[in-house]
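Everything numeric here is computed off the predicted structure, so don't read it as measured data. Every chain is numbered from 1, with letters handed out A, B, ... down the list of sequences. Just the heavy atoms: all of them, side chains too, but no hydrogens, waters or symmetry mates, feed the values below.
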Amino acid sequence: AQSVTQLDSQVPVFEEAPVELRCNYSSSVSVYLFWYVQYPNQGLQLLLKYLSGSTLVKGINGFEAEFNKSQTSFHLRKPSVHISDTAEYFCAVSYPGNTPLVFGKGTRLSVIA
Amino acid sequence: DTEVTQTPKHLVMGMTNKKSLKCEQHMGHRAMYWYKQKAKKPPELMFVYSYEKLSINESVPSRFSPECPNSSLLNLHLHALQPEDSALYLCASSPAEHTQYFGPGTRLTVL
C-alpha cells in the first residue's frame, strides 16, 4: 500500500532561521506530490505541488520543495521563517488513475520569536 | 479563483438531530470529496464524487449520507451521530489533474 512518512512530528525553529520539513513516500511508479498547510481552526491550503517537469518547485509564502525520485523524497524548505508560518504541514501523494490523496501524519512547525 | 466554500462554519447537534453540511465550488471541478479530521491528525477520506456520481465510499457508517445535487454542490446529511463523530469536516474539489482544493471546514460537535 502507498504511504507517506513525515519524519518529524514537531519542528521548533527560531524566527528568520531556515527550515526543512521532511517527507518520504513509498512508490516505484509516477507520483504526484503535494504540500498543504493548515493554520489553527482552518482548512488545508495548497502550498505547492509536483506533477511533472522541473524537480524544484516553488510555492506560496516563500516555500519550495525538491522532488528526488531516487530517494523518494519531497522535502519542503524555506530560507527564513516568520512567526506567521507556525502551522501544521501535511505532505500528500496521489497516483495516476485519479486515486485519492494519501496524507502523511503532519509536521507541526513552531516558529519562536 | 480556487475557492471552496462550506456552511455552516460551526455546528452543534444532539445525537437525535438531523442536520446537513453544505459545500460549494464554482471552478468547474468534476470531483468533490468529504474528509473527516480529528485533532492533530491528517484528514481521513470519507466519500468521493466524480461527475456527480459516488465513486468512493470509505466504509463510512450509514449515519453519514452524502449527496451531490449538481456539479457545484456537495452535501453531507447527518443523522443519529455519536459524540465520537465530533470533528472538523472538510470538503475538497479537484479538476482532472489531481490537485485538491479544500474548503475552510465545518467544526461539528455532537453532544
Heavy-atom closest pair, residues [X] and [Y]:
| X | Y | value |
| --- | --- | --- |
| A:Tyr36 | B:Gln100 | OH-O, 2.6 Å |
| A:Leu44 | B:Phe102 | O-CB, 3.3 Å |
| A:Phe90 | B:Lys41 | CZ-O, 3.7 Å |

Cluster overlap [X] with [Y], hydrophobic side-chain contacts below 4.5 Å:
| X | Y | result |
| --- | --- | --- |
| B:Leu45 | B:Leu74 | no |
| B:Met15 | B:Leu11 | yes |
| A:Phe67 | A:Leu47 | yes |
| B:Phe47 | B:Val4 | no |
| A:Phe63 | A:Val4 | yes |

Top contributor to chain A contacts, counting heavy-atom pairs under 4.5 Å, from B:Pro43, B:Ser55, B:Gly103:
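The candidate making the most pairs under 4.5 Å is B:Pro43.
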Salt bridge (charged side-chain N to carboxylate O under 4.0 Å, His left out) with B:Arg107: which residues, sequence neighbours excluded?
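With sequence neighbours excluded, B:Arg107 shows a salt bridge (charged side-chain N to carboxylate O under 4.0 Å, His left out) to no residue whatsoever.
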Please list all pairs passing the disulfide (SG to SG under 2.5 Å) test where one or both residues lie in residues 40-85 of chain A, with sequence neighbours left out.
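Applying disulfide (SG to SG under 2.5 Å) to every pair that reaches into residues 40-85 of chain A, excluding sequence neighbours, yields nothing.
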Interchain contact, [X] with chain B, by part (heavy-atom threshold 4.5 Å):
| X | value |
| --- | --- |
| A:Gln42 | backbone |
| A:Gln45 | neither |
| A:Leu46 | side chain |

Counting a contact as any heavy-atom pair under 4.5 Å apart, which residues of residues 103-113 of chain A contact chain B?
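Within residues 103-113 of chain A, the residues under 4.5 Å from chain B are A:Phe103, A:Gly104, A:Lys105.
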Expected list for residues 82-90 of chain B: side-chain donor-acceptor pairs under 3.5 angstrom, two or more places apart:
residue, atom, partner, partner atom, Å
B:Asp85, OD1, B:Arg63, NH2, 3.0
B:Asp85, OD2, B:Arg63, NE, 2.7
B:Asp85, OD2, B:Arg63, NH2, 3.4
B:Asp85, OD2, B:Gln82, N, 2.7
B:Ser86, OG, B:Pro83, O, 2.9
B:Ser86, OG, B:Val110, N, 2.8
B:Tyr89, OH, B:Asp85, O, 2.6

Under 4.5 Å from any heavy atom of chain A - which part of B:Gln37
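It is the side chain, since no backbone atom gets that close.
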